[in-house]
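Fair warning: this is a prediction, and the values are worked out from it, not measured in the lab.
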Amino acid sequence: MALIKKPMTGMKDILPKEMEIRDYLISLIKETYGSFGFTAIETPAVENIANLSSKQGGENEKLIFKILKRGAKLDLDGAQSENDLADGGLRYDLTVPLVRFYSNNSANLPSPFKALQIGPVWRADRPQKGRFRQFYQCDIDILGEPGNLAEIELILATTTTLGRIGFKNFRIVINERRILKAMAAYSGFAEEDYDTVFIILDKMDKIGLDGVKEELLKEGYSADCVERYTELFEGIKRAPDGLSYACDKIKDHLEPDVMDNLKDIIDSVSGTKNYNFEVVFDPSLVRGMSYYTGTIFEIEVPEFGSSVGGGGRYDRMVGRFTGQEVPACGFSIGFERIVTILLDNGFEIPGKSGKTAFLIEKGIRSDMLCGIIKEAQRLRGEGKSVLTVRMNKNKKFQKEQLEKEGYNDIREFYQNPINRRTKQWQNQ
């Protein structure tokens with residue numbers, strides 16, 4: 001029986017052209033984030049199932065690839081549920097592993113600690129265009145910084161990276177979980193209903209404010225609450241300063257420093273940015289992870305009609321491991337989405353040096369072959385990329401394929417080069 005050639009559903013093979021762009025992006029990302037003082041770390045692909053199922057990952061906890069217990073620990077007959085069979089799982093994001101890493105190693109880390117992680121994660125999701133079951137995430141996080149310097153640094157580092165990649169006219173959309181809750185309280189929603197209200201609000205960009213209003217009413221909330229809630233959004237939209245308007249309206253339900261904190265972040269980033277983007281307050285920004293406690297943000301790229309990253313503050317997550325709360329804030333860029341956008345737009349790596357290919361005729365004398373390899377070694381010593389391959393019968397097709405792979409200097413070597421019309425290099 002023949003083996004199956006295609007990868008598992010929701011996973012993909014990466015061809016050389018894409019791999020080249022991915023390697024370039026990872027190198028640029030590491031270099032840029034490194035200039036902001038972020039330090040690369042790595043965590044295992046497998047985490048304890050208790051950590052992954054700790055009700056901090058939102059809907060992602062339903063998408064865990066679970067790993068069966070091994071050997072005598074695997075009791076198939078005595079298992080009462082699926083959870084009795086698994087003790088580990090593939091990580092569905094990089095945040096939960098980071099918090100475990102920090103909790104385990106904090107005594108040997110500086111404070112605050114600025115972490116950079118790039119690596120694959122797995123979700124048992126329904127595959128579709130641009131959505132995979134295995135994909136790379138790229139996160140930066142600051143742990144131990146209670147003030148908004150963390151948010152400012154994270155946003156500046158991320159926007160600098162996007163600017164260096166070549167993105168223009170993007171937007172940082174920013175909100176505060178405490179503002180979200182205060183708006184819901186001001187409108188009269190019960191605290192136990194907040195999650196449902198926010199799930200509906202999160203659809204605002206797809207169904208509009210009228211659609212949000214309709215769904216809230218269908219959910220059974222009172223017309224007075226819904227009307228007061230939607231009027232608040234309408235007022236924010238009309239106001240010259242939506243953030244000030246919102247905070248003035250909900251001030252009885254909001255800590256007094258929240259608005260000033262958010263304004264400081266917006267003003268500091270806007271006043272020190274190196275690339276062309278804007279920072280915009282959006283009261284409908286929710287972000288689904290339940291571990292967010294304060295500032296939340298996303299990156300919107302209007303010309304592509306999608307978000308390419310997001311993050312926020314999660315001050316209570318470390319305390320779940322250590323019993324002692326540690327302030328934490330993080331930002332993740334959508335690595336796979338960025339790669340897809342670049343590929344779709346014919347991206348070429350800037351400043352990329354050409355590559356050389358030596359096509360060697362089959363049966364060439366060993367002394368000539370030795371000279372050709374020496375020449376390839378000399379060029380490699382100068383930092384050039386040189387491929388040495390045997391010449392195929394269909395040389396025209398072979399050269400076309402090499403050109404597609406970026407080989408702009410293709411040299412042919414024959415046993416008797418003097419009989420060839422093309423100018424050749426000849427071993428002396």
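In this structure, the side chain of Arg316 does not engage the main chain of Pro327 through any donor-acceptor pair within 3.5 Å. Side-chain N or O atoms of Ser27 include none that pairs as donor or acceptor with a backbone N or O of Asp23 at under 3.5 Å. In this structure, Asp125 contributes its side chain and Pro127 its backbone to no donor-acceptor pair below 3.5 Å. Put simply, the side chain of Asp241 gets close to the backbone of Ser244: a donor and an acceptor are under 3.5 Å apart. Side chain of Arg123 to main chain of Leu63: no donor-acceptor pair is present (N/O by atom type, distance under 3.5 Å, no hydrogens or angles). Remark: side-chain polar atoms of Tyr102 are not paired, donor with acceptor, to backbone N or O of Leu143 under 3.5 angstrom. A donor-acceptor pair is defined here as one N or O able to donate and one able to accept, closer than 3.5 Å; no such pair exists between the side chain of Glu47 and the backbone of Val96. Of the possible donor and acceptor atoms, one in the side chain of Gln398 sits under 3.5 Å from a partner among the backbone N and O of Asn392. Within the 3.5 Å criterion, the main-chain N or O of Phe413 finds no donor-acceptor partner in the side chain of Glu361. At least one donor-acceptor pair under 3.5 Å links the side chain of Lys114 to the backbone N or O of Phe36.
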Decide side-chain contact (heavy atoms from CB on, under 4.5 Å) for Ile174 and Glu298; before the verdict, give the C-alpha distance in whole Å, the side-chain angles of both, and the deciding distance to 0.1 Å. CA-CA 7 Å; Ile174 193 166; Glu298 282 189 353; over 6 Å; no
Is there a salt bridge (Lys or Arg N to Asp or Glu O under 4.0 Å) between Lys17 and Glu405 once you walk through the steps? CA-CA 7 Å; Lys17 173 68 175 177; Glu405 292 178 23; over 6 Å; no
Check the pair Glu215 / Ile207 against side-chain contact (heavy atoms from CB on, under 4.5 Å), numbers first and verdict last. CA-CA 10 Å; Glu215 287 208 15; Ile207 63 177; 3.8 Å; yes
Please determine whether side-chain contact (heavy atoms from CB on, under 4.5 Å) holds for the pair Ile265 and Thr295, giving the CA-CA distance in whole Å, both sets of side-chain angles, and the decisive distance to 0.1 Å. CA-CA 10 Å; Ile265 295 170; Thr295 319; 4.0 Å; yes
When you look at Ser284 and Asp205, which way does the side-chain contact (heavy atoms from CB on, under 4.5 Å) test go after all the steps? CA-CA 9 Å; Ser284 68; Asp205 59 335; over 6 Å; no
Does the salt bridge (Lys or Arg N to Asp or Glu O under 4.0 Å) test come out yes or no for Glu18 and Lys12, once each step is laid out? CA-CA 12 Å; Glu18 179 179 341; Lys12 68 172 187 174; 2.9 Å; yes
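Here the closest heavy-atom approach between residue Gly330 and residue Asp141 is recorded as CA-OD2, 3.2 Å. Nearest approach of Asp315 to Ala328, heavy atoms of both residues: OD1-N, 3.0 Å. The heavy-atom pair separating Ser307 from Arg337 by the smallest distance is O-NH1, 2.5 Å. Listed here is the closest heavy atom pair of Asp139 and Leu94: OD2-CB, 3.5 Å. Shown here for Tyr275 and Thr159, the closest heavy-atom pair between the two residues is CD1-O, 4.1 Å. Contact between Val286 and Ile296 at its shortest, heavy atoms only, is O-CD1, 3.2 Å.
Put simply, CG on Leu379 and NZ on Lys374 are 14.5 Å apart, with the number rounded to the nearest 0.5 Å. To the nearest 0.5 Å, atom CG of residue Asp257 and atom CG of residue Asn261 are 6.5 Å apart. Here CG of Asp264 is found 5.5 Å from OG of Ser268. Values are rounded to the nearest 0.5 Å. Atom CD1 of Ile26 and atom CD1 of Ile21 lie 12.5 Å apart (nearest 0.5 Å). The CG atom of Leu52 lies 9.0 Å from the CG atom of Leu90; values are rounded to the nearest 0.5 Å. The OH atom of Tyr407 sits 10.5 Å away from atom CG of Leu359, with the distance rounded to the nearest 0.5 Å.
At a threshold of 4.5 Å between non-hydrogen side-chain atoms, the residues Phe358 and Glu412 do not count as touching. At least one side-chain heavy atom of Leu262 sits less than 4.5 Å from a side-chain heavy atom of Ile179. Annotation: side chain of Ser103 is in contact with side chain of Val318 (closest heavy-atom distance under 4.5 Å). Under the 4.5 Å side-chain criterion, counting only non-hydrogen atoms from C-beta, Ile165 is in contact with Leu25. At least one side-chain heavy atom of Thr43 sits under 4.5 Å from a side-chain heavy atom of Arg100. Annotation: side chain of Thr161 is in contact with side chain of Leu28 (closest heavy-atom distance under 4.5 Å). No side-chain heavy atom of Ile372 sits less than 4.5 Å from a side-chain heavy atom of Glu375.
Under a cutoff of 6.0 Å and an axis angle of 45°, Lys273 and Phe277 form a cation-pi pair.
Counting non-hydrogen atoms of neighbouring residues, nucleotides and ligands closer than 6.0 angstrom, the CD atom of Glu234 exceeds 12 such neighbours. Within 6.0 Å of atom NZ in Lys30, 12 or fewer heavy atoms from other residues, nucleotides or ligands are found, so the atom counts as exposed in its surroundings.
Note: Phe347 and Tyr24 have tilted aromatic rings, judged against thresholds of 30 and 60 degrees for the angle between ring planes.
Side-chain contact, Arg411 with Thr356: no donor N or O sits under 3.5 Å from an acceptor N or O. Judged by distance alone, the side chains of Thr32 and Arg164 do bring a donor and an acceptor atom under 3.5 Å apart. The closest side-chain donor-acceptor pair between Asp282 and Asn175, if any, does not fall under 3.5 angstrom. Defined by atom type and a distance below 3.5 Å, a donor-acceptor pair is missing between the side-chain atoms of Gln137 and Ser332.
Under 4.0 Å is where a charged nitrogen must lie from a carboxylate oxygen, and between Arg313 and Glu145 no such pair does. Taking 4.0 Å as the cut-off between side-chain N and carboxylate O, Arg378 and Glu382 count as a salt-bridged pair. Look at Lys396 and Glu400 and you find a salt bridge, because one of the NZ, NE, NH1 or NH2 atoms lies within 4.0 Å of a carboxylate O, short of that distance.
Aromatic pair Tyr314/Tyr292: ring centres not closer than 6.0 Å.
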